[in-house]
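This one's a predicted model, so the numbers in the text were calculated from it and none came from an experiment. Lettering follows sequence order; numbering is per chain, from 1. When reading the values below, keep in mind they use all heavy atoms of this one structure, side chains included, and skip hydrogens, waters and symmetry mates.
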Number of protein chains: 2
Amino acid sequence: MTKADSNVDRIYEKLRKMAADFEFKPDARINESALSTELGASRTPLREALNRLVAEGFLTFQSGRGFFCRPLSPKLILDLYEARVAIETEIVRLVCRRASEEDLQDLMGFLKSTEPDYDSSDDPMELLSMDEAYHMRIAALSQSNELVRILENLNDRVRYIRLVDLKYLRGKTPVSTQEEAQLSAHRVVLTALINRDEDKAVSTMRHHIERRRDEATEAVRIAYSQLYVPAD
Amino acid sequence: MTKADSNVDRIYEKLRKMAADFEFKPDARINESALSTELGASRTPLREALNRLVAEGFLTFQSGRGFFCRPLSPKLILDLYEARVAIETEIVRLVCRRASEEDLQDLMGFLKSTEPDYDSSDDPMELLSMDEAYHMRIAALSQSNELVRILENLNDRVRYIRLVDLKYLRGKTPVSTQEEAQLSAHRVVLTALINRDEDKAVSTMRHHIERRRDEATEAVRIAYSQLYVPAD
DNA sequence: GCACTCAAAATTGTATACAGCACAATATTC
DNA sequence: GAATATTGTGCTGTATACAATTTTGAGTGC
């Protein structure tokens, strides 16, 4: 065993995806034996992976009772959005001071090249991926590994709700309007960055995220109804 | 075994303290067998604790080679300080909007009550503890568990360097001057919060942290000389 | 019905065993 | 004598076993 790429990492990645997608229902207990046979490994590496996920906020742990899926509540999602605001506004601030003209122009190129996809695709998963990719590319320009790291964690933990939000709250507004708002926010931030207008860039980013934060409570409600209703 | 309070948690707490204090030297490999006998437990729970610490950024892991202490570099410390700025400025912003008059007055009471200790004590460890306690009390008023959680992690990871900074860079400036600057920053932030002057509170907090960030490179240099020099 | 008891079953917590990998020390080749 | 092959040692990665604990559920009394 123990191929160069390692087994525990494979388990860990798999579990993280499962936890992010709430394949474990909120607060549900995780059965180690069952899960280990399902993943084709023994409990030892499984528990190592589970412990990592506890530290990352995907799971909880109670001594003597085992591992549980993290709860899902509006408050928790609001907290995650608030943390995102904290991280991403500081990222924008740093990018404004540090990114080269060239980097920013490259990013503008990336933004323009994905615009057709934004318009054509109405697959929420794909739209979310593009949005995250854009945000992470900005983050990289901050040159702060720690901010990048924290943001990745926050994104992973909030992704499920964002997806629900995209899928089900869109019915209220025409799809194209939402997409345009999203896209234009991205453009406004980037233009402000290119103009080195820090305050504008920061405040636009803030509002861009806070806008979605306010929908979180409703999204959580819908997520619950999704999770506990027989699949279609 | 397995007393109600659990063994793995005991190991975990102990290891976290050891890692925070750099009892493992930067980049040094950790010998699991030796450590497990030292801690009086087997490798299984030890590795579970080590995995948590990897996820928290205290250790690193290389498949097939084992666990290592995190590196220590100026860049990394700068990143941690920058993340602190991101988190704490947003905390102040939220506190300004959410904290009750009463909460803020209580905090002012706390601040005043610790001032004599600030003046009398010249134990860096104690000063640092008081400073952290104050910052965490502000954080609690943000009502954001996530920001509190992230800040705790950042504080734990940067504490060693902050301590070195306090201990050794103080020689340059009279102790009382430094303490006063620290104290007055705390007071200015809190006064601004009481006046609901968000911009003032945020920018003061930012400068309060950034001031210390700039000393990080020098502090890391000193930390290295401390870590690799025979104890006195 | 409802609460309580307690034994059986299931599940977690940890030690241990051992296979396989990594690295260092030694031998071998040219 | 330098470079390469080989062996040896120690450590990591994981499975498994078993003890300790929690959960379940049937039975009992009220």
Between protein and nucleic acid, restricted to nucleotides 5-12 of chain C and to nitrogen or oxygen atoms under 3.5 Å apart, what atom pairs and distances do you find?
from    : atom 1 : to     : atom 2 : distance (Å)
dT11(C) : OP1    : N31(A) : ND2    : 2.8
dT12(C) : OP1    : I30(A) : O      : 3.1

Check whether any side-chain nitrogen or oxygen of S42(B) sits under 4.0 Å from OP1 or OP2 of dT14(C), and answer yes or no.
-> no
Value in whole Å for how far the P atom of dG13(D) lies from OH of Y12(A) = 16 Å
Judged by atom type as modelled, is there a donor-acceptor pair below 3.5 Å linking the side chain of D165(A) to the main-chain atoms of A219(A)?
-> no
Between G40(B) and R10(B), which heavy-atom pair has the shortest distance, and what is it?
-> O-NH2, 4.4 Å
Rounded to the nearest angstrom, tell me the gap between atom CG in D9(A) and atom P in dT14(D).
-> 9 Å
Answer yes or no on whether R29(A) is positioned over the face of F24(A), meaning its NZ or CZ is under 6.0 Å from the six-membered ring centre and within 45° of the axis.
-> no
R97(A): what forms a salt bridge (Lys or Arg N to Asp or Glu O under 4.0 Å) with it, not counting sequence neighbours?
-> E198(A)
Protein-nucleotide distance (F68(B), atom CZ; dA22(C), atom P), rounded to Å | 12 Å
Rounded off to whole Å, could you give me the CD-to-P distance for the E48(B) and dT14(D) pair?
-> 13 Å
Find the distance L35(B):CG to dG10(D):P and express it as a whole number of Å.
-> 19 Å
Identify all stems in which DNA chain D takes part, counting only runs of at least 3 consecutive pairs (Watson-Crick or G-U wobble, each distance under 3.5 Å), and give each as one range with another, ordered by first number.
-> C:1-30 with D:1-30
Shortest non-hydrogen contact between E146(A) and A83(B), atoms and distance = CG-CB, 3.9 Å
Check whether any side-chain heavy atom of F67(B) lies under 4.5 Å from a side-chain heavy atom of L15(B), and answer yes or no.
-> no
Nearest atoms (heavy-atom pairs only) where E56(A) meets N153(A) = O-ND2, 3.1 Å
Can you tell me the distance, in whole Å, between the CZ atom of R10(A) and the P atom of dG13(D)?
-> 15 Å
Could you tell me whether a side-chain N or O of Y160(A) sits under 3.5 Å from a main-chain N or O of F22(A), the two making a donor and an acceptor?
-> no
